[in-house]
Amino acid sequence: MTAKPAPIYDRVAFIGLGLIASSMALAIRQFGLAREITGHAKSAETRATALEIGLCDKVFDTAAQAVDGADLVVLCVPVGAMGEIAAEIAPRLKAGACVSDVGSVKQAVIAAVAPHIPADVAFVPAHPLAGTEHSGPRSGFATLFQNRWCLLTPTETSTPEATSRLRALWEGMGANVDEMDAAHHDLVLAVVSHTPHLIAYTMVGVADHLRRVSNSEVIKYSASGFRDFTRIAASDPTMWRDVFLTNKDAVLDILGRFTEELFVLQRAIRMGDGDELHAYFTRTRAIRRGIIEAGQDTAAPDFGRVAAKKDA
Ligand code: NAP
């Protein structure tokens, strides 16, 4: 049997104990990446659950207590809550510690957190491109980050040592790590995640408002495509509210382009321009092939789902 590698950190503290923190805690334990895990979440209920299911060795009633003595602190709260947490924990951070976060938007988190970080502490923002539509401490699983990207967006408050140690942690949890500038991150995410989520929310809203198709028909026939919109549109409302409020410029830029493209297709349909539609769909099909070739999804029909039995 091969021995586990030495832990990368002595004590890791999680502020926020939902999907991402619980998945990180489980992966850290499974791969022996830290000696001790502490945590804090807003509600007593989540704190009790985290202790009960063994996510953390110790859970504290305040964020400030949870970060005491930690050499890595990971902020896993909604983007809009990062600044107030940073202000609260700043006086309790250990000299030489690293603060990171997992927020889905990077420029707004850096603007809210960096001013609070003491000079002897490094701040290395991160964003794992992995998630599900579930939330809370029971929704995590250790393999969430396997073969998924984690983007680091170092700032002048990051040090090369803190950045490479955090990279080793994410690689230890199975992720592929890239570094990029925060503004570029926010634009890329507006294209690949934020705007698609908004479109899914909108499409589910349209079906909800449409009275000529009954709700039972929408549910019954949803496997024809709508089902995948509903999965995305079931994502956490607080998290996504904060994403749109804090990545406003990039999302509005991409939404503007989306609307222009939609009008191009709308016109082609109205004019019966089959060549335009066919050429457009041929180009988009190539993008799907690229995603499969990059190992980011399966080529199996219907995402590899086993068809549900009608009478099951
Ligand atoms: P989640 O499952 O909803 O968990 C959020 C956690 O934050 C909960 O434990 C909540 O505590 C805690 N919290 C909220 N406000 C707080 C405050 N003021 N003080 C202390 N704790 C607070 O969320 P998640 O999906 O893990 O997302 C966390 C972060 O990861 C977000 O910034 C999100 O943008 C980012 N992210 C999410 C995904 C995804 O797909 N879900 C993917 C990548 C990155 P209670 O349970 O007590 O309310």
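This structure is a prediction, so every number in the text was calculated from the model and none was measured. First listed ligand is number 1; within each ligand, the first listed atom is number 1.
For the pair M239 and ligand 1, the shortest N or O to N or O distance does not fall below 3.5 Å. Distances between N or O atoms of L17 and those of ligand 1 include at least one value under 3.5 Å. For a threshold of 3.5 Å applied to N or O pairs, the pair formed by K42 and ligand 1 contains at least one separation below that value. Geometrically, ligand 1 and A21 share no nitrogen or oxygen pair separated by less than 3.5 Å. For a threshold of 3.5 Å applied to N or O pairs, the pair formed by H40 and ligand 1 contains no separation below that value. For ligand 1, the polar-atom distance check against I15 finds no nitrogen or oxygen pair separated by under 3.5 Å.
No continuous path of ILVMFWY side-chain contacts below 4.5 Å connects V188 to V105, so the two sit in separate hydrophobic clusters.
Residue contacts with ligand 1, taken as heavy atom pairs separated by less than 4.0 Å, involve H127 solely via side-chain atoms from C-beta onward. With a 4.0 Å heavy-atom cut-off, ligand 1 is reached by no atom of E45. Contacts between P78 and ligand 1, counted as non-hydrogen atom pairs separated by less than 4.0 Å, involve both the backbone and the side chain. Under 4.0 angstrom from ligand 1, the non-hydrogen atoms of S104 come from both its backbone and its side chain.
Which parts of ligand 1 touch M82 is read off a 4.0 Å heavy-atom cut-off, strictly below it: atoms 32 (O). Less than 4.0 angstrom separates some heavy atom of S135 from each of these atoms of ligand 1: 1 (P), 2 (O), 3 (O). Atoms of ligand 1 lying under 4.0 Å from any heavy atom of V77, numbered from 1 in the order shown and given with element: 7 (O), 13 (N), 16 (C), 21 (N), 22 (C), 29 (C), 31 (C), 32 (O). Ligand 1 places these atoms under 4.0 Å from at least one heavy atom of A130: 42 (C), 43 (C). Taking every heavy atom of G103 and a limit of under 4.0 angstrom, the matching atoms of ligand 1 come to 32 (O). Each of the following atoms of ligand 1 lies closer than 4.0 Å to a heavy atom of V102: 29 (C), 30 (O), 35 (C), 36 (N), 44 (C). Shown in contact with T46 at under 4.0 Å from a heavy atom are these atoms of ligand 1, numbered in order with element: 9 (O), 45 (P), 46 (O), 47 (O). Below 4.0 Å from some heavy atom of I85 lie the following atoms of ligand 1, by number and element: 17 (C), 19 (N), 20 (C).
A donor-acceptor pair is defined here as one N or O able to donate and one able to accept, closer than 3.5 Å; no such pair exists between the side chain of R165 and the backbone of C98. Under the 3.5 Å distance criterion, the side-chain polar atoms of N247 are matched with a main-chain donor or acceptor of D186. At distances below 3.5 Å, not a single donor-acceptor pair connects side-chain atoms of R148 with backbone N or O atoms of A175. Although no hydrogens or angles enter the test, the distance criterion places no donor-acceptor pair under 3.5 Å between the side chain of T38 and the main chain of V59. Between the side chain of S22 and the main chain of R138, no donor-acceptor pair closer than 3.5 Å is present. For the pair E36 (side chain) and R11 (backbone), a donor-acceptor distance under 3.5 Å is absent.
For atom 5 (C) of ligand 1, the choice among G16, A41, P128, C76 with the nearest heavy atom turns out to be C76.
The nearest protein atom to atom 4 (O) of ligand 1, hydrogens excluded, is given as G18 CA, 3.2 Å; this is a heavy-atom distance. At the shortest separation from atom 26 (O) of ligand 1 among protein heavy atoms lies I20 N, 2.9 Å. Nearest protein heavy-atom contact of atom 40 (O) of ligand 1 is G131 CA, 3.3 Å. Of the protein's heavy atoms, L19 N, 4.4 Å lies nearest to atom 23 (O) of ligand 1.
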>> Would V204 and F226 count as a side chain to side chain contact (heavy atoms under 4.5 Å, CB included) here? Give the steps.
In response: CA-CA 8 Å; V204 175; F226 184 72; 4.1 Å; yes
> Yes or no on side chain to side chain contact (heavy atoms under 4.5 Å, CB included) for I28 and M173, after CA distance, side-chain angles and deciding distance?
Replying inline: CA-CA 7 Å; I28 285 174; M173 292 189 291; 4.1 Å; yes
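At least one side-chain heavy atom of L189 sits less than 4.5 Å from a side-chain heavy atom of L129. Looking at heavy atoms from C-beta onward, D101 lies in side-chain contact with F123 at the 4.5 angstrom threshold. Between F229 and T202, every side-chain heavy-atom pair lies at or beyond the 4.5 Å cut-off.
Counting heavy atoms of neighbouring residues, nucleotides and ligands inside a 6.0 Å radius, atom CZ of F141 exceeds 12 of them. Atom CZ of R288 is surrounded by more than 12 heavy atoms from other residues, nucleotides or ligands within 6.0 Å.
Closer than 4.0 Å to atom 10 (C) of ligand 1 lies none of the heavy atoms of the protein.
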